[in-house]
There are 2 protein chains.
Amino acid sequence: MKTQLRKGTLEMCVLAVLAHQDSYVYEIVGRLAERMEISEGTIYPLMRRLQADEWVTTYLTESSSGPARKYYTLTASGRAALLAMRGEWDSFVAEINAVLGEGGADKENTHEA
Amino acid sequence: MKTQLRKGTLEMCVLAVLAHQDSYVYEIVGRLAERMEISEGTIYPLMRRLQADEWVTTYLTESSSGPARKYYTLTASGRAALLAMRGEWDSFVAEINAVLGEGGADKENTHEA
DNA sequence: ACAGCTACCTTGTAATGCAAGGTAGTGTGT
DNA sequence: ACACACTACCTTGCATTACAAGGTAGCTGT
């Protein structure tokens with residue numbers, strides 16, 4: 001069920017990581033794993049989508065500790081998409097909290113939405 | 001894409017509406033539609049799930065303006081589930097915002113486009 | 001040579017939301 | 001009587017996405 005909540009947010013999270021700095025899947029997974037459970041199998045197909053949408057481009061870099069790394073960089077439209085997603089995310093959260101706040105009168109005002 | 005964000009939250013929203021007061025699908029949809037786009041086809045299967053999980057029970061009531069209404073009531077475990085979901089929701093939102101905030105060290109840079 | 005790590009990638013399954021469509025009772029206008 | 005609109009129920013098929021499990025390959029240390 002926690003899985004379902006994530007739908008649609010992982011793209012945004014990955015874009016946010018890339019906004020910070022270029023990265024490759026193995027590292028992205030490691031970063032995200034600090035804060036949430038995440039699996040490689042989720043990210044690879046996702047990266048293909050990001051590429052298809054032209055939100056990222058890639059380049060290869062040699063690694064001294066394993067196979068070459070495939071770095072991903074945000075494009076201009078990737079950055080724009082991230083901003084748009086943040087906006088959607090914020091209004092979505094507000095929307096849900098409004099519904100919860102409305103129905104949740106039985107829990108006398110936990111915290112505000 | 002907005003659709004994907006909703007995954008996993010609609011159950012919680014419906015439970016929240018029912019926590020407010022007993023209701024039937026047609027009305028629930030109307031209520032939720034005030035705040036978000038939502039379709040009947042989504043809710044009926046969802047109600048079956050809620051019933052299967054024994055989070056709601058139903059009773060029929062005659063209506064003076066159409067077919068009988070099938071009201072849904074929260075069970076005790078339904079209320080418990082709603083509380084649990086709210087908890088998950090809050091920590092999920094915090095989690096995502098943390099990732100966004102981190103990648104968004106350029107949050108100074110939120111000149112929201 | 002082998003184990004273990006880095007790093008890439010694919011396939012199949014499950015969960016969920018939605019559009020489109022179908023059934024039926026009640027009231028209103030012609 | 002007939003058509004239409006509104007309430008109210010419900011189902012089927014599709015698309016999207018996350019995940020588990022599995023596969024390939026380079027590099028390092030013993």
Side-chain angles (χ1 to χ4, degrees), chain A residues 1-15 22-33 35-53 55-56 58-72 85 88-89 92 95-96 99, chain B residues 1-15 22-33 35-53 55-56 58-72 85 88-89 92 95-96 99:
Chain A
M1 143 122 226
K2 202 72 178 302
T3 287
Q4 294 300 320
L5 282 183
R6 268 194 267 275
K7 304 248 168 170
T9 59
L10 284 182
E11 266 188 5
M12 182 173 63
C13 288
V14 168
L15 291 178
D22 291 5
S23 190
Y24 51 100
V25 174
Y26 196 79
E27 189 182 58
I28 294 171
V29 170
R31 268 174 165 286
L32 292 179
R35 305 188 176 279
M36 57 178 81
E37 278 175 48
I38 186 70
S39 90
E40 269 188 54
T42 306
I43 302 299
Y44 281 100
L46 190 154
M47 297 317 284
R48 254 184 279 122
R49 267 183 273 144
L50 297 185
Q51 242 179 321
D53 291 334
W55 290 341
V56 298
T58 68
Y59 57 92
L60 287 173
T61 302
E62 303 274 320
S63 165
S64 55
S65 63
R69 292 170 181 163
K70 191 179 194 174
Y71 277 86
Y72 293 84
M85 282 181 194
E88 274 178 37
W89 166 250
F92 172 69
E95 208 172 81
I96 298 298
V99 172
Chain B
M1 140 124 228
K2 202 68 177 308
T3 287
Q4 295 299 323
L5 283 183
R6 267 193 268 276
K7 304 245 168 172
T9 59
L10 284 183
E11 267 188 3
M12 181 172 64
C13 288
V14 168
L15 291 178
D22 291 4
S23 191
Y24 51 101
V25 174
Y26 195 79
E27 189 182 57
I28 293 170
V29 170
R31 267 173 167 287
L32 292 179
R35 303 187 177 281
M36 55 179 82
E37 277 176 49
I38 187 68
S39 90
E40 270 188 53
T42 306
I43 302 300
Y44 280 100
L46 189 154
M47 297 318 284
R48 256 185 276 125
R49 268 183 273 145
L50 297 185
Q51 242 179 321
D53 290 332
W55 289 342
V56 299
T58 66
Y59 57 90
L60 287 173
T61 302
E62 302 275 320
S63 164
S64 57
S65 63
R69 292 170 180 163
K70 191 179 195 172
Y71 277 86
Y72 293 83
M85 283 180 192
E88 274 178 37
W89 167 249
F92 172 69
E95 209 172 81
I96 298 300
V99 172

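Only a predicted model underlies this, so the values are computations on that prediction, with no experimental measurement involved.
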Is there a side-chain contact between [X] and the phosphate of [N], meaning an N or O under 4.0 Å from OP1 or OP2?
| X | N | answer |
| --- | --- | --- |
| A:Lys2 | D:dA18 | no |
| B:Tyr44 | D:dC9 | yes |
| B:Thr3 | C:dG17 | no |
| B:Tyr26 | D:dC9 | no |
| A:Arg49 | D:dA18 | yes |

Report the nucleotide, chosen from [options], that has the shortest atom-to-atom distance to any side-chain atom of [X].
| X | options | result |
| --- | --- | --- |
| B:Arg48 | D:dT11, D:dC19, C:dG17 | D:dT11 |
| B:Leu46 | D:dC19, C:dG17, C:dC9 | C:dG17 |
| B:Pro67 | C:dA7, C:dG17, D:dA8 | D:dA8 |
| A:Tyr24 | C:dT16, C:dA7, C:dG17 | C:dA7 |

_Does B:Glu40 reach a base, just sugar-phosphate, or nothing at all? Heavy atoms under 4.0 Å._
base
*Do NZ/NE/NH1/NH2 and the carboxylate oxygens of B:Glu11 and B:Arg49 come within less than 4.0 Å?*
yes
*Taking the inter-plane angle between the rings of B:Tyr59 and B:Tyr71 on a 0 to 90° scale, is it parallel (under 30°), tilted (30 to 60°) or perpendicular (over 60°)?*
parallel
_Quick check: on DNA chain C, is the nucleotide nearest A:Thr42 upstream (toward 5') of the one nearest A:Arg69, or the reverse? Name the residue that is more 5'._
A:Arg69
